[in-house]
Amino acid sequence: MYRSRLEKNLDKHTLDYVSSISDDEEITIYDIIGSQAHSIMLYENKILSKNELKKILSTLEKIKKEKLTSKSSAEDIHELIETLVIQRAGIAVGGKMHTARSRNDQVALDLRMKIRDDINTICNCILDMVETLVTLAEKHTATAMPLYTHLQQAQIGTFSHFLISYVDALLRDFKRFFDTFDRVNHSPLGAGPIGGTSLPINRNSTAKMLGFSGVVENSIDATSNRDVVAEYVAAIAILMTNLSRMAEDLVIWSTSEFSFVELSDQFSSPSSVMPQKKNPDILELTRGKTARVIGNLVAILSNLKGLASGYGRDLQEIKPSVFLSSRTAISALIVLNSMFATLKVNKQKMNQIADSGYLVALDIAETLVKEGLPFRTAHKIVGKLVQIAHENKISLSELDATEVAKSVSDKEFDAKKLGEIISSINALSSLQNRSSLGSSGISEQKRQIIKRKSMISQYDKKLKNRNTLINSAIDNLFKKVRLLSR
Ligand code: ARG
């Protein structure tokens, strides 16, 4: 449709190469709504007559209900929709729709509207998952399990403590998306190809109709920058990295060697050959999909970094990276949420492992500190105790008086008292005595959970308030469209 300057059409292969029409399916609806707002603004500013507006709006309304075929000679959804409007409303009217805009501000608009909606979906999914994790954590505030550093047993912890650590990461993800939304929620529409227009348009009016909190003012910036798009995909890459780490924990904990958790059958895969297998494919795919999303972010940044100011067709290639990232994040959140909701937790095994080994070593050392010993001396004594116990293949509580005496000199600490301290400490006492802020202590778990619950309801409220603003703007626009297309 645009090729009057050019003698020849693109051949089929070249059209395929150039076209974004199949990716554009994801933004079709936004392109139509954006075109309706733009047309209403043209009418409000006397660029379209009432009758012309009516024809354009009603044609767009019909197109909205159709499944637009990707088999078209149009290079993208913007060309396709304009072509359809011209075919149906006639060139005298339809030919006016693209007044005072360009595909450059159009595609920037569509992307922002799409990302805005996807952010809301992702934020809702995050809150759903966080709720599941908190509910599970509530059941396991006293389920002792080993904490690991270097994947070696470190301290006694609780299962809830792990779950709350996931909650906190996800709440930061939520906040990251929520804040990105503010930067996304500005309208580039009316920036034209790059430098604006001499026609009397009102950019604030279209922005308001479409629920944006303002405009991306500078028309060069509005059409050629995609930094907020990169920011959005970066937030997804970070979210997926968090989910991927949780997946890895579950992969480890669900091995026969650990058996801390068991995935429900609905979230496990069999082997084609080994009949006994119950594989954590979904968790592995979460790790694998995270790699793809990180790739998408790198693709976007690489695309942008060498672009001169002003729209370049390179920008078209960003879209599939965005859409794929959105879809991946949403499905990962939904699937992992259900997986956690149906997870079988082997409390007994966790408790048993927590009570074996030398996990209470630091608790013993800290008790010696409470008795007045310098921490370094306490560390040395308990280190020696562990060495002796390890050589004898017994636990610390199984050490007898002579073995205990070997680890400590009289001037350091009384060996008998040390023996009493050792036998008074176990996984449960460790969790009861741990009280520092954010620690594994049982009372701390309960406090952390209460705080997270109130954070969830605050975040939920904020999200709903913001959705209400956007939805009511869009509802008003639809009302206007109905009124003006009659
Ligand atoms: N299909 C293009 C994209 O996705 C739309 C903008 C085309 N603009 C242009 N001047 N060729 O980016």
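Atoms within a ligand are numbered from 1 in the order they appear, just like the ligands themselves.
- Residues with a heavy atom under 4.0 Å from ligand 1: S20, D76, H78, R103, N104, V107, Y311, R313, Q316, K319.
- Taking a cutoff of 4.0 Å between a charged side-chain nitrogen and a carboxylate oxygen, K453 and E138 qualify as a salt bridge.
- Taking S259 as the reference, N346, K349 meet the side chain to side chain contact (heavy atoms under 4.5 Å, CB included) condition, with sequence neighbours excluded.
- In this structure, R176 forms no cation-pi arrangement with Y232, as its terminal cationic atom is not both closer than 6.0 Å to the ring centre and no more than 45° off the ring axis.
- Looking only at atom types and distance, the side chain of R313 has a donor-acceptor partner in the side chain of Q316 under 3.5 Å away.
- A ring-centre distance under 6.0 Å is not found for F177 and F181.
- When each of T206, T223, T197 is paired with D105, the side chain to side chain contact (heavy atoms under 4.5 Å, CB included) condition holds for T223 and for no other.
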